Amino acid sequence: MFEKWGVIPTTGVSALEARSSGHLLADMASLTQENACRVSCFSECFHGVRKEHSFSWSKRLGFNRKCNYETLQVRATVSKIEHNVSSQDAGLATNGGKRKVTDSIKDEARRHGLLEPPTTFSAKYVPFSPYETTEEFYSLDEIIYRSKDGKLLDVQHDMKALKEYDGKYWKALFDSRVGKTTWPFGSGVWSKKEWVLPEIDNDDIVSAFEGNSNLFWAERFGKEMLGMSDLWVKHCGISHTGSFKDLGMTVLVSQVNKLMKMNKKLIGVGCASTGDTSAALSAYCAAAGIPAIVFLPANKISIAQLVQPIANGAIVLSLDTDFDGCMRLIREVTEQVPIYLANSLNSLRLEGQKTAAIEICQQFDWEVPDWVIVPGGNLGNIYAFYKGFVMCKELGLTDRTPRLVCAQAANANPLYLHYKAGWNNFVPVKASPTFASAIQIGDPVSIDRAVYALKNSDGIVEEATEEELMDAAALADMTGMFTCPHTGVALSALMKLREKNVIGPTDRTVVVSTAHGLKFTQSKIAYHSKEITEIQCKHANPPLEVKADLGSVMDALRSKLSLTL
């Protein structure tokens, strides 16, 4: 019953028990004066965060220190809360603490909100100029994508307010929300709401409970292919639309939902896409009832990617150009028509994507891996991971940040060339076709962000040819994975760095898988059918055509299994 309402003690409280008086008391041996007011009700909202209410224990235990927040008395059964808001207004059911039959999870969250003090956290847009001081800033409720002098914008949080609470506090809060269905904290993104979009109302959030994606030990691939004992894959493709783009799109569409309720002059949300962005945008806009407009490069994305925005009711424009051409056009359109731009030029998406980095730390019990390898195209994601790891360190959840590797396809490798040139004089390239179509980008919007992240994480950039990436993906599949070509790029980069002994055999390494392999079955079929004439397809495993008689079947099995029958 306690867990239902998130009654979880913070650091220093080792036990909770119900006394005959009907009130909860703390274990006095471990509850100190310093943290007496920090034991909280509703795990999804602690002291100083939007939903904090402290138990009236300080006075009961003889402490003089008083909590600045209003006091609740919670019955041992947690079926009733004594408060100056009535039980009916507060939405607290009297049927054993269960949600009312007529409630949705949003209704429940809305009524709990009646008990909320105003949030003490905030965020704003500032120009991305990490080496310069600026006084320029904008509200997140403004529709703006660049600074006065054309710089990209970044979402800057009030770190002073966040630092009012230590790392143990944040870890306890985030851990308490995992696996819950409480709106909106069942999402891996919104479980970190205070670090993402702290001022948005829960009613405005558009979420499919994205995130919380699998981090699995790639035991066989690591041991047999690389001689590694601690290789992990963060499978961001296990998500609502099959890619990591959901993490950012829930944040962006939620903010647009808020803006439209504020009667901002917007008629929809638009993006240029290599496939995954359009799928995520279309799904979240459909959930919110907001029109989605998608610009796609004709004949350059998989059928599985194309069908997603079509199925979700988006306006899909197939353009005879590449992604960079689509990007130029969507920028021109949004300058003339009130369509909100959803590409990673918009820094709101990166706030959601950074939660994957926080989640990796959380899944390792708040320990930091040695290396994190991320495929890179438009390059917003490598900066998002950097930002997430840095926030964890700065707010005391971890003691360091990992080294980052950005992996690019050799057919679309402007960052790799820039890295090899010593970060001097970035030159865009004309991206050639690659099986890793989602990163087929020659003029990345977030180049400055990526360079900053890599420089400050002692990072590396590596590339993979078409043969290397497809072979790496095939090898991974043979050990039980089902990888997208972009993960193949990252795995190929890992193989090269391991061969050079840059990454050691015992280094804890995380490869970020950005999309699900089921979205790229065409390339797998072509590989295993040996239809790709430019490469050898040396790990191809085509099906055997066998006559339907026992002798033919046994002959086929002998050839494959070395049977001596």
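All figures in this text were calculated on a predicted structure; none of them were measured in a lab.
No side-chain heavy atom of Y386 sits under 4.5 Å from any side-chain heavy atom of L454. Looking at W195 and C392, their side chains come closer than 4.5 Å, going by heavy atoms from C-beta outward. Considering only heavy atoms from C-beta on, F520 comes within 4.5 Å of S437 through its side chain. Looking at C285 and N312, their side chains never come closer than 4.5 Å, going by heavy atoms from C-beta outward. V510 places none of its side-chain heavy atoms less than 4.5 Å from the side chain of W371. Side-chain contact between E359 and N212 is present, with heavy atoms from C-beta onward closer than 4.5 Å. Side-chain contact between T509 and V405 is absent, with no heavy atoms from C-beta onward closer than 4.5 Å. With a 4.5 Å cut-off on side-chain heavy atoms, F435 and S523 count as touching.
At distances below 3.5 Å, at least one donor-acceptor pair connects side-chain atoms of S176 with backbone N or O atoms of L173. Within the 3.5 Å criterion, the main-chain N or O of G188 finds a donor-acceptor partner in the side chain of S191. Using a distance-only test at 3.5 Å, with no hydrogens or angles considered, no donor-acceptor pair links the side chain of D443 to the main chain of P428. In this structure a side-chain-to-backbone donor-acceptor pair under 3.5 Å is missing from H157 to L162. A donor-acceptor contact shorter than 3.5 Å links the side chain of K234 to the backbone of S213. Using modelled atom types, one side-chain atom of K519 and one backbone atom of T241 make a donor-acceptor pair closer than 3.5 Å. Remark: side-chain polar atoms of T250 are not paired, donor with acceptor, to backbone N or O of L247 under 3.5 angstrom. The backbone N or O of F185 sits nowhere less than 3.5 Å from a side-chain atom of R177 that would complete a donor-acceptor pair. The backbone N or O of N202 sits less than 3.5 Å from a side-chain atom of W183, completing a donor-acceptor pair. No side-chain donor-acceptor contact under 3.5 Å links N381 to the backbone of Q353.
Ionic pairing of K387 and E351 is present here: one or more N-O contacts between side-chain nitrogen and carboxylate oxygen are shorter than 4.0 angstrom. Taking a cutoff of 4.0 Å between a charged side-chain nitrogen and a carboxylate oxygen, K151 and D149 qualify as a salt bridge. Electrostatic pairing of K180 and E108 does not count as a salt bridge here, judged by no charged N lying under 4.0 Å from a carboxylate O. Between K430 and D322 a salt bridge is recorded (basic side-chain N to carboxylate O distance below 4.0 Å).
Open room surrounds CZ on F137; 12 or fewer heavy atoms of other groups in view lie less than 6.0 Å from it. For N424, the CG atom is densely surrounded, since the number of other residues' heavy atoms within 6.0 Å is greater than 12. At most 12 non-hydrogen atoms from other residues, nucleotides or ligands lie less than 6.0 angstrom from NZ of K420.
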Under the side-chain contact (heavy atoms from CB on, under 4.5 Å) criterion, do L469 and T434 qualify, and how do the steps go?
CA-CA 10 Å; L469 73 90; T434 171; 4.0 Å; yes

Take C484 and T514 through the test side-chain contact (heavy atoms from CB on, under 4.5 Å) and record every step on the way to the result.
CA-CA 8 Å; C484 67; T514 52; 4.2 Å; yes

side-chain contact (heavy atoms from CB on, under 4.5 Å) assessment of V372 paired with V512:
CA-CA 7 Å; V372 176; V512 177; 3.9 Å; yes

Carefully, step by step, assess R400 and D370 under the rule salt bridge (Lys or Arg N to Asp or Glu O under 4.0 Å).
CA-CA 10 Å; R400 62 187 180 91; D370 299 303; 3.5 Å; yes

Go through the steps to decide whether E194 and Y165 satisfy the test side chain to side chain donor-acceptor pair (under 3.5 Å), and finish with yes or no.
CA-CA 12 Å; E194 296 79 12; Y165 306 94; over 6 Å; no

Quick one, V269 with V253, criterion side-chain contact (heavy atoms from CB on, under 4.5 Å). Give me CA distance, side-chain angles, the key distance, then yes/no.
CA-CA 8 Å; V269 189; V253 175; 5.5 Å; no

Show, in sequence, the C-alpha distance, side-chain angles and deciding distance for D204 and Q255, and conclude whether the side chain to side chain donor-acceptor pair (under 3.5 Å) test is met.
CA-CA 7 Å; D204 296 333; Q255 181 64 13; over 6 Å; no

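Looking at every heavy atom in both residues, L341 comes nearest to N346 through O-ND2, 3.2 Å. E466 and N411 make their closest contact through CG-ND2, 3.7 Å (heavy atoms, listed as atom of the first residue, atom of the second, distance). Scanning all heavy atoms of the two residues, the minimum distance from I373 to A407 falls at CG2-CB, 4.4 Å. Residues I200 and S254 approach most closely at CD1-O, 3.6 Å, considering heavy atoms. In terms of heavy atoms, A123 sits closest to V155 at CB-CG1, 3.9 Å. What you find for R449 and L350 is that their closest heavy atoms are NH1-CD1, 3.5 Å.
When each of E367, K192, K171 is tested with Q362 by the rule side chain to side chain donor-acceptor pair (under 3.5 Å), just one qualifies, namely K192. Results of the side chain to side chain contact (heavy atoms under 4.5 Å, CB included) test with M249 over H240, R349, E210 single out R349 as the only residue that passes.
Taking the six-membered ring where the residue is Trp, the centroids of Y145 and Y340 are separated by under 6.0 Å.
For R146, the salt bridge (charged side-chain N to carboxylate O under 4.0 Å, His left out) test picks out no residue, with sequence neighbours left out. Applying the salt bridge (charged side-chain N to carboxylate O under 4.0 Å, His left out) criterion to K124, with sequence neighbours excluded, gives no partner residue.
Here NZ of K258 is found 6.5 Å from CD of E199. Values are rounded to the nearest 0.5 Å. The line from OG of S278 to CG of L317 is 12.0 Å long, rounded to the nearest 0.5 Å. One distance of note links SG of C271 with CG of L296; it measures 7.5 Å at 0.5 Å rounding. Distance check, rounded to the nearest 0.5 Å: NZ of K245 to CG of L281 gives 11.0 Å. Remark: I447 CD1 to L415 CG distance equals 5.0 Å, nearest 0.5 Å. The distance from atom OG of S122 to atom CG of L197, rounded to the nearest 0.5 Å, is 11.0 Å.
Using a 3.5 Å distance cut-off with no hydrogens or angles, the side chains of S239 and D246 do pair a donor with an acceptor. Side chains of D107 and S104: a donor on one and an acceptor on the other come within 3.5 Å.
Under the 30°/60° scheme for interplanar angles, the aromatic rings of W170 and F121 are found to be tilted. Ring-plane geometry between F385 and F389 is classed as tilted, the angle between the planes lying from 30 to 60 degrees on a 0 to 90 degree scale. In this pair, F174 and W366 present their aromatic rings tilted. The plane angle is within the 30 to 60° band.
Every pair tested for ring pair (Phe, Tyr, Trp, His ring centres under 6.0 Å) that includes a residue from residues 295-330 fails, sequence neighbours excluded, so the list is empty.
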